[in-house]
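So the structure is just underneath, and the comments pick up after that.
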Amino acid sequence: MVRYFPSNGQSVMPIHLGFWPDNPASPGELIITKAFSARLPVVCRQIQSKQPFGMFRGENAMNYAFSSFLLEAVIVIFFIKATCFILRPLRQPRIVCEIIGGMVVGPSMLGGSRTFSYYLFPPISNYIFSNLGLMGFFYFFFLTAAKTDVAAIAKSPKKHKYIAAISVLVPMVCVGATGMAMRSQMDKNMGKPSSVGGIAFALAFSSFPVIYTILRDMNLLNSEVGKFAMSVALLGDMGAILVLVFFEAIVQANVAGAKAAVFYIVSVVIFSGFMLLVVKRALEWVVDQTPQGKLVDQNYIVMILMGVLVSCFLTDMLGLLIGTGPAWLGLIIPHGPPLGSTLAIRSETFIHEFLMPFSFGLVGLYTDVHFLSADAWDHQLAPLVYMTTVCFITKFISVFAAAVFFKVPTRDSLTLGLIMNLRGQLDIMLYLLCFRKHVIGLPGFTLLVLHTIVITAISTPLISFLYDPNRPYRISKHRTIQHTPPSTEMGLVLAVSDQEALSGLITFLDFAYPTTTSPFAVYAIQLVELMGRASPVFIDHKLQKEEEHNEEEEEEGRVDQMQSAFKLYQKNRDEYVTLRAYTAHAPKRLMYQDICELALAKKTAFILLPYQQERLEDNAPTELLDSGMLSLNTDVLAYTPCSVCIYYGKGRLRNAKVRSSVDHQHSSRVRQETYRFVVLFLGGADNREALHLADRMTANPDITLTIVRFLSFNHEGEDVREKKLDDGVVTWFWVKNEGNDRVSYKEVVVKNGAETLAAIQAMNVNDYDLWITGRGEGINTKILEGLDAWSEDHQLGVIGETVAGSIFASEGSVLVVQQQVRNQKGGDGFLNGKFDYKKLASPWSCHN
């Protein structure tokens, strides 16, 4: 069986074949007619219905469509991954790498070779390749929409809504005006008012899926500007859906008259009504059938994923834009657990790692830089160059000006202006739509794809340069235990992700012995991994309405248990502890930002964290429990705005029953078990902080406290300033507790790290219940000489890791303290502050 390409009449051929006439009728199209078809090579391929017998039988596997497709898949995925690896040092987002990787196999690079196109990307297999590429786009839009919280639109602040409207309307008007002014230079199809409006719309709006994807790659999802940008983009997208429906109705009217536009609107109403009244209720029923804390049944997930294809078919059948079906289906998916999170777990890897490479390969096959010629400049390229330039400038200025007007810091406003100009998957899909509808030709499509690459590739490093999400945490004021007056309330952030760790932290807080004269203000934050959501969620349970509170807690069983534990702790210690509970849904690598922001906002003295370590899941011995949480403590230690305490609970303290200060006042006849605590004081800021924390425990009658100070032999390696500060704190502590029989003080002189380790090991015979030490800042290096080489876990520091290790064989718990590292440089000037109109003449002198 032989397939012949038609030569009678006219037909448009794919661009990547590489066989072009000298002067095609229109750039980007190859018109085959009887007049010049003889100038082209005739390609005939036999369509095989059987599998090949093999190369040893003289057969070529590339003559078979499926064999060709398999090789194409390998080549596209390989080049995209290779491009990502090569561009990684340049800090480029994934979308830029994937578009360039797709262009590598297209006519712009390797596809320009006739041999490469004929043997590796023959037309016989392009049908499968192209359709898989479109399916990749559809599933990407569905999955991103499924993570979108549409209800957040109503909760958005007014300034977000105003900035969203300005960021779309101002560029659209300016780009539309530019296009209308240049209509005389455009070709016939591009010069239509509907075409100019479509291009202006495609360039002006900012896509939430694109911004979400790039911010996720840049680790800015949980930052202040990231949340701001996603909120603004989401508002813009909702308006863009309405504009897109209106624009398509105008196109229908121009092509087939007003009657077609009416039928189009009716189709939109019918489809949206079906989705809201039938499909949404079915999805809610699926959620109701899922047990609390469990994943949705696999059969339901398969049916929903199959529903994406059904929605594509229905929208195409009704004459709607085929890409709107998956997006609308995703928007009515209940976001978060259990349905949204299960969809992400089951399908995200397959969609992003397998289907999307075909999508970018499809884009690469349609992109040909050889069409950017002088012949195409006047009628296609020049108008698009001016329109894209005007769009970028007006969008950046309008967003920046609106943000500054609403008193957003200047540096954040500049960053927001760049973020709203980012281009990506949805924009390319709109460009493909414009190409398919003959609004633009292949030169115009190629220019818009290159515009996407250039804008995103340049903006991303600039965003990283302008905005540091950790910058607000670097403060110059003292936020430490040492500088908190003893008879005042001390604030602390308690961050925890599981019930087991919470019980140990609460036990420690009781040992810290808050009293009515020196109470604790505890800000307890429940950390939950962000799954099935695009935007991070931070819930203040005190401000939350009762119905919203119950709805969130019913999402997952452990969240309900954790909040109940917080309430119980507050109830039993109401006289001397004030607790305010929060829940943070965030990616694991960004959870530290919620912790640091809360500590900064509440001006707390320290953050209390459980020790994170790798351990196997009880129910699944081959899987790590809380995998990915190891970096949380490290990031908090690096960016904290206050002191940090890391608690490793084990031994007797796990099941300790601690009497509160009120219990001691009203029930002094009951004798509790006595616990032995020891402070390993090696000097430096962290150890001074640990000693001040231990001083608060001396009032607890159930504790005996031993202070062991390590000194260097002959004062070798000592820093004079640190030594004076250490002497002052130790003297203050001993004078205060000299009459306390439960407090003892010792000094040990050592020459190196080996003697330090031997001295600590000798103390292990005393069976201490809690070892308290500083993490390491300011310690005399001579005392730790030789121990640094053995340190692997930087959460606890050298001494903390030694005491907590299995080789040390201690059953005692470990508490490691790091004192706040203050920012001594102060503010960064104009870019970090808010714009002051009164100091416009000398803006760089503005400091907050």
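Positions are given from 1 along the sequence.
With Ile333 as the fixed residue, the side-chain contact (heavy atoms from CB on, under 4.5 Å) test singles out one of Leu343, Leu143, Val287: Leu343. Just one of Gln819, Gln820, Gln818, His483 meets the side-chain hydrogen bond (donor to acceptor under 3.5 Å, both in side chains) condition when paired with Glu689; it is Gln819.
At least one donor-acceptor pair under 3.5 Å links the side chain of Thr342 to the backbone N or O of Val296. Formation of a donor-acceptor pair under 3.5 Å by the Asp769 side chain with backbone atoms of Phe677 is not found in this model. The backbone N or O of Ile703 sits less than 3.5 Å from a side-chain atom of Arg742, completing a donor-acceptor pair. Without hydrogens or angle criteria, Asp686 side chain to Gly776 main chain gives a donor-acceptor distance under 3.5 Å. The backbone N or O of Pro338 sits less than 3.5 Å from a side-chain atom of Ser341, completing a donor-acceptor pair. Checking side-chain atoms of Thr213 against main-chain N and O of Pro209 turns up a donor-acceptor pair under 3.5 Å. The backbone N or O of Thr480 sits less than 3.5 Å from a side-chain atom of Thr484, completing a donor-acceptor pair. Panel note: side chain Thr583, backbone Ile539; no donor-acceptor pair is recorded below 3.5 Å.
Rounding to the nearest 0.5 Å gives a distance of 3.5 Å between CD1 of Ile607 and OG1 of Thr640. In this structure, Arg580 CZ and Leu598 CG are separated by 9.5 Å, a value rounded to the nearest 0.5 Å. Here the CD1-CG distance, from Ile595 to Asn633, works out to 8.0 Å after rounding to the nearest 0.5 Å. Note: Asn740 CG to Thr698 OG1 = 6.0 Å, rounded to the nearest 0.5 Å. With values rounded to the nearest 0.5 angstrom, Leu579 atom CG is found 14.5 Å from Lys571 atom NZ. Rounded to the nearest 0.5 Å, atoms CG (Leu492) and CG (Leu608) are 6.5 Å apart.
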CA sep, side-chain torsions, deciding dist, call: Leu295, Arg346, side chain to side chain contact (heavy atoms under 4.5 Å, CB included): CA-CA 10 Å; Leu295 297 178; Arg346 302 295 190 200; 3.6 Å; yes
Chi angles and distances behind the side chain to side chain contact (heavy atoms under 4.5 Å, CB included) call for Ile760, Ile799: CA-CA 9 Å; Ile760 296 174; Ile799 300 300; 4.1 Å; yes
Candidate pair Met218 and Tyr467, rule side chain to side chain contact (heavy atoms under 4.5 Å, CB included), full reasoning: CA-CA 11 Å; Met218 297 178 67; Tyr467 184 74; over 6 Å; no
Step-by-step side chain to side chain contact (heavy atoms under 4.5 Å, CB included) determination, Phe142 to Ile351: CA-CA 10 Å; Phe142 162 75; Ile351 293 172; 5.5 Å; no
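Under the 4.5 Å side-chain criterion, counting only non-hydrogen atoms from C-beta, Met490 is in contact with Arg696. Considering only heavy atoms from C-beta on, Asn737 stays 4.5 Å or farther from Leu705 through its side chain. Taking 4.5 Å as the limit, every side-chain heavy atom of Leu590 sits out of range of all side-chain heavy atoms of Pro536. By the 4.5 Å heavy-atom criterion applied to side chains, Thr290 and Leu339 are not counted as neighbours. Within the 4.5 Å cutoff, the side chain of Tyr675 has no heavy atoms near those of the Met697 side chain. Two residues are said to be in side-chain contact when any heavy atoms from C-beta on lie closer than 4.5 Å; Leu502 and Leu494 meet this criterion. Between Leu815 and Cys645 the shortest side-chain heavy-atom distance falls below 4.5 Å. In this structure, the side chains of Lys227 and Asn222 come closer than 4.5 Å at one or more pairs of heavy atoms.
Counted within 6.0 Å of NZ on Lys602, heavy atoms from surrounding residues, nucleotides or ligands total more than 12; the atom is thus considered enclosed. Within a 6.0 Å sphere centred on CG of Asp288, other residues, nucleotides and ligands contribute more than 12 heavy atoms. Under a cut-off of 6.0 angstrom, the local environment of NZ in Lys736 is crowded, with over 12 non-hydrogen atoms contributed by other residues, nucleotides or ligands.
Using a 30° and 60° split on the angle between ring planes, Tyr648 and Tyr611 fall in the tilted class, from 30° to 60°. Ring pair His160/Phe228 is tilted by interplanar angle, where 30° to 60° counts as tilted.
Residues Tyr745 and Phe733 place their aromatic rings such that the two centres sit no closer than 6.0 Å.
Across all non-hydrogen atoms, the minimal contact from Ala605 to Cys642 is O-CB, 3.6 Å. Taking each heavy atom of Glu489 and Ala521 in turn, the nearest pair found is CD-CB, 3.5 Å. Heavy atoms only, all atoms of each residue included: Leu215 and Met230 are closest at CD1-CG, 3.9 Å. For the residue pair Leu682 and Asn687, the shortest heavy atom distance occurs at N-OD1, 3.3 Å. Here the closest non-hydrogen pair linking Leu637 and Arg775 is CD1-NE, 3.5 Å. Nearest approach of His692 to Gln482, heavy atoms of both residues: CE1-CG, 3.3 Å.
Salt bridge annotation for Arg589-Asp635: absent, with no cationic side-chain nitrogen under 4.0 angstrom from a carboxylate oxygen.
Geometric assessment of Arg216 against the ring of Tyr212 yields a positive cation-pi assignment under the 6.0 Å and 45° thresholds.
Taking the side chain to side chain donor-acceptor pair (under 3.5 Å) definition, one finds that Asn299 meets it with Asp297, sequence neighbours left out.
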